[in-house]
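Proteins get letters first, then strands, A, B, ... in listed order; numbering begins at 1 in each. What you are looking at is a predicted structure, and each value in this text was computed from that prediction instead of being measured.
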Protein chains: 2
Amino acid sequence: MLKNEKYLNGEPSCAVDYAFRRIGGKYKGRILWYLHANTILRYGELRKTLYDITPKMLTQTLRELEDDGLISRKVYHEVPPKVEYSLTETGKELIPFIDYLRQWGDKQIAKESRKL
Amino acid sequence: MLKNEKYLNGEPSCAVDYAFRRIGGKYKGRILWYLHANTILRYGELRKTLYDITPKMLTQTLRELEDDGLISRKVYHEVPPKVEYSLTETGKELIPFIDYLRQWGDKQIAKESRKL
DNA sequence: CGGTATCCTATCGGATACTG
DNA sequence: CAGTATCCGATAGGATACCG
């Protein structure tokens, strides 16, 4: 398990590293979580929910998640256009972990506020 | 759960974000995982295990983890010096989650290699 | 509505040399 | 052994304007 050094230069050095590369980044965790909570979200809805994201970052992040097979993108060829995002099966497998992390985060935030 | 927008400018916008900030970064996941697998590791042992990390990044990352209460640092005032790192109770709470993520990563890596 | 394009800056992380 | 210090390059992310 240790010394799992089969990947060199640029490749993940272990599965933990591999996974973190796919869900790291400033907004990926939140996007996955919000998609889980709502099943389907449109581009504009994601933008409102993530209120502090720029369109550039939102598009970029959504593309990366799509390329990594964590979300799927459904385009409706209408006017005005409509695009829906949802979790893939692979993406859904990450939800228990994100939920666990969220609970842990809540606990730490509560701890911190008690100290103030 | 959504619209958890009590944190503005610089503060985490939700617990998912909060948690990702603490375990994000290029090496944090691996460090936590290796410390769990070995219980205690010295600075040089971590450096060898993370083989691709520079001393600057290792020290910096360890300090951040320590400041966030995820690991503890024990200094032996000897010559030559000896410093041991281990997980705190709060840090240990993250292990099941990291392990889940690691298994997920392993599965994806296996999937990818089947496609090649 | 759902994006692109362009430009810019700040932070992250790397290389290397040095120290108590 | 366990770090610091300094400098530097890459890249993640932000601001703003525009487009089909």
* Output yes when K92(A) and E89(A) qualify as a salt bridge under the 4.0 Å nitrogen-oxygen rule, no when they do not. =>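 Counted as a salt bridge, because a side-chain N and a carboxylate O are separated by less than 4.0 Å.
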
* To do: Determine the contact category for Y85(A): base if any of its heavy atoms lies under 4.0 Å from a base atom, sugar-phosphate if only primed atoms, P, OP1 or OP2 are that close, otherwise nothing.
  =>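 Sugar-phosphate: the residue Y85(A), judged by heavy atoms under 4.0 Å, touches backbone atoms but no base.
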
* Asked: With a non-hydrogen cut-off below 4.0 angstrom, is K56(B) in contact with a base, only sugar-phosphate, or nothing?
  -> base

Any side-chain N or O of [X] less than 4.0 Å from the OP1 or OP2 oxygen of [N]?
X: R63(A); N: dG2(C); result: no
X: Y27(A); N: dG14(D); result: yes
X: R47(B); N: dC1(D); result: no
X: R42(B); N: dA2(D); result: yes

* Structure fact -> Between CZ of R21(B) and C1' of dA12(D) the distance, given in whole Å, is 14 Å

From the list [options], which nucleotide is the closest neighbour of the side chain of [X]?
X: P81(B); options: dC1(D), dG3(C), dG13(C); result: dC1(D)
X: M57(A); options: dG3(D), dG3(C), dG13(D); result: dG13(D)
X: K26(A); options: dC1(D), dG3(C), dG13(D); result: dG13(D)

* Cation-pi between R47(B) and Y51(B): NZ/CZ under 6.0 Å from ring centre and within 45° of the ring axis? ->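 Relative to the ring axis of Y51(B), which defines the angle, R47(B) lies outside at least one limit.
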
* **Stacked cation flag R30(B) on Y34(B), 6.0 angstrom / 45 deg** => no

* **Bend angle of the helix from dC1(C)-dG20(D) to dG20(C)-dC1(D), end axes from five pairs each (to 10°)** => 60°

* Asked: Does the side chain of N38(A) come within less than 4.5 Å of T49(A)'s, by heavy atoms?
  -> no

* For a salt bridge (charged side-chain N to carboxylate O under 4.0 Å, His left out) with E64(B), tell me which candidate from R73(B), K28(B), R21(B) qualifies. =>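 Passing option: K28(B).
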
